[in-house]
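A short write-up of the structure that comes next.
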Amino acid sequence: MVELIAPELDTVFHALGDATRRRMLGQLADGERTVSELAAPHAMSLAAASKHIKVLEGAGLIRRDVRGRTHVCRLEPGPLARAHEWLAWYKRFWTDRLDVLEDLLREEDARKPAKPKSDRPQEGEL
């Protein structure tokens with residue numbers, strides 16, 4: 001399994017656990033945004049937006065630069081890539097298990113004798 005530092009992964013998933021923060025990351029995927037630009041679609045105060053941004057910063061998902069009086073944020077994809085690696089291991093785990101189950105079910109179906117077709121018309125056939 002992919003070994004990651006648990007606290008880092010915990011903070012990433014905590015940050016991703018909020019819909020507003022996920023939407024902010026989506027905005028940042030299109031390029032840099034100011035705090036005001038990130039807050040605008042969510043009808044929230046700058047103080048509330050700043051709290052969300054601090055969580056994203058703490059998880060390493062974004063970087064905030066101060067340019068004069070303007071705070072500009074940009075996406076830092078590294079932690080998302082590490083979370084994806086962690087999830088990919090479990091995807092492979094379950095895909096392998098489901099492939100084994102499918103093989104077992106196919107073998108079981110192949111061992112069953114075929115049912116003889118009845119000469120009687122079935123419902124809806126005439």
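Index from 1, following the sequence. Computed from a predicted model, the values in this text were never measured in an experiment.
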Evaluate the criterion side chain to side chain contact (heavy atoms under 4.5 Å, CB included) for residue pair Asp18 and His52; output intermediate values, then yes/no. CA-CA 9 Å; Asp18 182 84; His52 284 292; 3.4 Å; yes

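- Panel note: side chain Arg33, backbone Cys73; no donor-acceptor pair is recorded below 3.5 Å.
- Linking ILVMFWY residues whenever their side-chain heavy atoms come closer than 4.5 Å, directly or via other members, leaves Val72 and Ile62 in distinct clusters.
- Across Thr11 and Ala59, no two heavy atoms sit closer than the pair O-CB, 3.5 Å.
- The structure places CD1 of Ile53 at 11.0 Å from CZ of Arg21, a figure rounded to the nearest 0.5 Å.
- A single hydrophobic cluster is not seen to contain both Leu105 and Val100; linkage of ILVMFWY side chains at heavy-atom distances under 4.5 Å, directly or through other members, places them apart.
- Interatomic distance, Trp89 CH2 to Arg92 CZ, rounded to the nearest 0.5 Å: 8.5 Å.
- Between Pro79 and Gly60, the shortest heavy-atom contact is CG-O, 3.2 Å.
- For residues 48-59, every residue pair satisfying the salt bridge (Lys or Arg N to Asp or Glu O under 4.0 Å) rule, not counting sequence neighbours, is listed here: Glu57-Arg64.
- The minimum heavy-atom distance between Ala15 and Leu61, with the atom names listed, is CB-CD1, 3.8 Å.
- Taking the salt bridge (charged side-chain N to carboxylate O under 4.0 Å, His left out) definition, one finds that Arg63 meets it with Glu76, sequence neighbours left out.
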Using the rule given for side chain to side chain contact (heavy atoms under 4.5 Å, CB included), can you reason through Lys112 versus Asp109, listing the C-alpha separation, both sets of side-chain angles and the distance that settles it, and then say yes or no? CA-CA 5 Å; Lys112 289 181 183 177; Asp109 284 347; 4.0 Å; yes

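- Separating the NE2 atom in His71 from the CG atom in Leu38 is a distance of 12.5 Å, to the nearest 0.5 Å.
- The cluster map of Ile, Leu, Val, Met, Phe, Trp and Tyr, joined by side-chain heavy atoms under 4.5 Å apart, puts Leu80 and Val55 in different clusters.
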Table please: side-chain donor-acceptor pairs of residues 23-31 below 3.5 Å, with sequence neighbours left out.
residue, atom, partner, partner atom, Å
Gln27, OE1, His42, NE2, 3.2
Gln27, NE2, Glu37, O, 3.3

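- If you look at Trp86 and Tyr90, their ring centroids are closer than 6.0 Å.
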